[in-house]
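Only this structure's heavy atoms are used, side chains among them; waters, hydrogens and symmetry mates stay out.
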Amino acid sequence: RGVLAVVQLSLALALLLNAGLLIKSFARVMSIEPGIEPRNLLTMSMSLPAAKYQDDAVPRFYGELVDRAAAAPGITDASVASIVPFGGSWDRITVDTGATKVDDIDLPEGDRYMVSPTYFRTMGIRLVQGRLFDHTDRLDAPRVAVVDEVFARKVAPNRSVLGVRIGVPGSDSAATIVGVVRHVKHYGLDAESGGQIYVPHLQYPYRWMTLIVRTANE
């Protein structure tokens, strides 16, 4: 009986210690800033048929979709994006800054988001420097990009990244970085991300997009 009591006490102590470590780890993860405001967000992915939607018909459809969704009862904001954080997908690209050769393996990498102008407001992503996209960033306008703090440090570690031109796949013209936003934990609260590169969906038409809406009530 004495041996059994010692074994039971040891097992109970081990379980108690493991539970304490689990609670501590959970609390640490929950204290991490995700970079977005996830409450009251709903998403729906869709793909437009290529036979019907080409060129400027793609951003026109999604622009009208965002406007109609934002005007619906109970919706406070709406936007579209090619990928969303914590969604299980990614669009990792390398960009040419002009400071390195195109075939250089050290070209900076980041996750590309093609987004509508309202994306940052809908997701609750805060602006750090410069400006966000607006409806003047159209297909016939100079290419622009917004990057997060992590990617900004890669491209311009010792100076402002605003005004730096980067070659983003999907366009023949280099994009000028016009803004810097907070970093988003795209792959999960406990996972590292290589940074984010945002470009206007109006300038990079893409048929597969996700509608994001923020509701007034949970």
With a 4.5 Å cut-off on side-chain heavy atoms, are [Y] and [X] touching?
X	Y	result
L65	M46	yes
P85	Y187	no
F151	V95	yes
V115	V80	no
L139	P205	yes

query = Between D172 and R143, does a salt bridge (charged side-chain N to carboxylate O under 4.0 Å, His left out) hold up when you go through it step by step?
reply = CA-CA 10 Å; D172 295 333; R143 299 294 183 266; over 6 Å; no

ask   = Any chance CZ of R131 has more than 12 other-residue heavy atoms, nucleotides or ligands included, within less than 6.0 Å?
value = yes

For [X] versus [Y], what's the shortest heavy-atom pair and its separation?
X	Y	value
L127	L132	CD1-CD2, 3.6 Å
Y119	I125	CE2-CD1, 3.7 Å
A175	Y204	CB-OH, 4.0 Å
I83	S89	CG2-OG, 3.8 Å
V128	V181	CG2-C, 3.8 Å
V213	A69	CG1-CB, 4.1 Å

Exam field: side chain [X] to backbone [Y], donor-acceptor pair closer than 3.5 Å:
X	Y	result
Q203	R138	yes
K154	E109	yes
T122	D77	no
Q196	V184	yes
R165	S173	no
S82	M114	yes

Say you draw a straight line from [atom1] of [X] to [atom2] of [Y]; how long is it, rounded to the nearest 0.5 Å?
X	Y	atom1	atom2	result
R68	I75	CZ	CD1	15.0 Å
Y206	R112	OH	CZ	8.0 Å
R207	Q54	CZ	CD	5.5 Å
I36	I212	CD1	CD1	9.0 Å
F120	S79	CZ	OG	9.5 Å
H183	R126	NE2	CZ	13.5 Å

ask   = Which residues pass the side-chain contact (heavy atoms from CB on, under 4.5 Å) test with R60, sequence neighbours left out?
value = D56, A57, E64

message = For a side-chain contact (heavy atoms from CB on, under 4.5 Å) check, start with the C-alpha distance between R214 and E37, then their side-chain angles and the critical distance, and finish with the verdict.
response = CA-CA 10 Å; R214 183 174 294 279; E37 176 48 65; 3.7 Å; yes

Could you see if [X] belongs to whatever hydrophobic cluster contains [Y]? Use Ile, Leu, Val, Met, Phe, Trp, Tyr and a side-chain cutoff under 4.5 Å.
X	Y	value
V66	M44	yes
I93	V150	no
L202	V168	no

inquiry  = Centre-to-centre under 6.0 Å for H201 and Y62, is that the case here?
reply    = yes

task = Start with the C-alpha gap between V161 and V147, add the side-chain angles, then the distance that decides, and say whether side-chain contact (heavy atoms from CB on, under 4.5 Å) holds.
result = CA-CA 9 Å; V161 75; V147 301; 4.2 Å; yes

request  = Show your reasoning for whether side-chain contact (heavy atoms from CB on, under 4.5 Å) applies to I197 and I177.
outcome  = CA-CA 9 Å; I197 306 161; I177 297 176; over 6 Å; no

Donor-acceptor pair between T43 and T210 side chains, under 3.5 angstrom = no

request  = Step by step, work out the side-chain contact (heavy atoms from CB on, under 4.5 Å) result for D137 and V144.
outcome  = CA-CA 7 Å; D137 298 314; V144 292; 3.7 Å; yes

ask   = Given F133 and Y198, is the ring-ring contact (aromatic ring centres under 6.0 Å, His included) satisfied, shown in steps?
value = CA-CA 9 Å; F133 302 139; Y198 302 91; 7.6 Å; no

